[in-house]
Amino acid sequence: MDFDEFFSSCAVPASATRPADTAARDFELDCALLSLGTLPVVLCIGSDRVTGDCLGPLVGQMLTERRAAAYVYGTLEKPVTALNLKDAIAHIRKTHGERKILAIDSSVGRLNDVGKIRIAFGSIAPGSADGKNLPKVGDVSITATVTDPRKTPLSAVRLGTVYALAIDITNRILRSLQ
């Protein structure tokens, strides 16, 4: 197999990582974001030191660079991780009072769920896959499955996979905030 054949066989079309019901997911996201009100707090959770866990900081970075109409916490420069999550939540509550929070984090799951984005009304429990006992956070949450840990550990997840999910999530949030 030559170089071109190898890379063409490795390429995954965008449609392969998106569910067929994109319109339904867009509607769910729009409804969820509308429930947050104007200028929501977006809490992007994860570590920039672990590829599979950097979804949150990537989304936070992209939202910040594109000047989203939201208060964004958790970027590549200043990630919100298990070490500072409690402090970040306390700061958000003190600074933004009763403003609603959109929490974003990567998740692990079954192999056939890798690449799926889930939107839910309600909080997420960051670090629960690693057995961490961190506070639940978020009035609305977005998670994306980045790996099946039985196949690939979080530290070995391809950056391209996480980056593509981060772009998709960022674009959908920005569109909904317009």
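Note that these values count all heavy atoms, side chains included, but never hydrogens, waters or copies made by symmetry.
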I need the [X] [atom1] to [Y] [atom2] distance, nearest 0.5 Å.
X    : Y    : atom1 : atom2 : answer
Y71  : R99  : OH    : CZ    : 5.0 Å
L111 : T147 : CG    : OG1   : 8.0 Å
D139 : S35  : CG    : OG    : 7.5 Å
L174 : R67  : CG    : CZ    : 12.5 Å
L63  : C44  : CG    : SG    : 5.5 Å
Q61  : T170 : CD    : OG1   : 10.0 Å

Spell out, as yes or no, whether a donor-acceptor pair under 3.5 Å connects the side chain of [X] to the backbone of [Y].
X    : Y    : value
S107 : T143 : no
D48  : C54  : no
N84  : T81  : yes

For P57, give me all partners under side-chain contact (heavy atoms from CB on, under 4.5 Å), at least two apart in sequence or on another chain.
L76, P79
Residues forming a side-chain contact (heavy atoms from CB on, under 4.5 Å) with R175, sequence neighbours excluded:
D26, D30
What are the two closest non-hydrogen atoms of [X] and [Y], and how far apart are they?
X    : Y    : value
R110 : T145 : O-CG2, 4.4 Å
L177 : A68  : CD1-CB, 4.3 Å
K136 : A125 : CG-CB, 4.0 Å
P40  : A69  : CD-O, 3.7 Å
G138 : A103 : CA-CB, 4.0 Å
L134 : P126 : CD1-O, 3.4 Å

Could you go through I142 and L102, starting from their C-alpha distance and side-chain angles, then the distance that decides it, and tell me whether this counts as side-chain contact (heavy atoms from CB on, under 4.5 Å)?
CA-CA 7 Å; I142 299 176; L102 168 61; 3.8 Å; yes
Who pairs with R66 by side chain to side chain donor-acceptor pair (under 3.5 Å), at least two apart in sequence or on another chain?
N171
Candidate pair D105 and L55, rule side-chain contact (heavy atoms from CB on, under 4.5 Å), full reasoning:
CA-CA 6 Å; D105 198 5; L55 177 76; over 6 Å; no
Can you name the ring pair (Phe, Tyr, Trp, His ring centres under 6.0 Å) partners of H91, sequence neighbours left out?
Y73
Please say yes or no: joined through hydrophobic side-chain contacts below 4.5 Å, possibly via intermediate residues, are [X] and [Y] part of one cluster?
X    : Y    : result
L165 : I119 : yes
V146 : I45  : no
I169 : I167 : yes

Go through V140 and K100 one step at a time and tell me if the side-chain contact (heavy atoms from CB on, under 4.5 Å) criterion holds.
CA-CA 8 Å; V140 172; K100 293 189 177 183; over 6 Å; no
Any side-chain heavy atom of [X] within less than 4.5 Å of one from [Y]?
X    : Y    : result
I124 : R118 : no
K86  : P135 : yes
S123 : V137 : no

When you look at CG of N133, are more than 12 heavy atoms from neighbouring residues, nucleotides or ligands closer to it than 6.0 Å?
no
Using residues 149-164 as the side-chain source, report each donor-acceptor pair under 3.5 Å to any protein atom, sequence neighbours left out, with the distance given to one decimal.
| from | atom 1 | to | atom 2 | distance (Å) |
| --- | --- | --- | --- | --- |
| R150 | NE | D148 | OD1 | 3.1 |
| R150 | NH2 | D148 | OD2 | 3.0 |

What residue among L85, I104, V72 forms side-chain contact (heavy atoms from CB on, under 4.5 Å) with L43?
L85
Could you walk me through whether D168 and I117 satisfy the side-chain contact (heavy atoms from CB on, under 4.5 Å) test, starting with their C-alpha distance in whole Å, then the side-chain angles of each, then the deciding distance to 0.1 Å, before giving a yes or no?
CA-CA 9 Å; D168 192 8; I117 298 170; 3.4 Å; yes
In the hydrophobic clustering (ILVMFWY, side-chain contacts below 4.5 Å, transitive), which residues join L83, or is it alone?
none
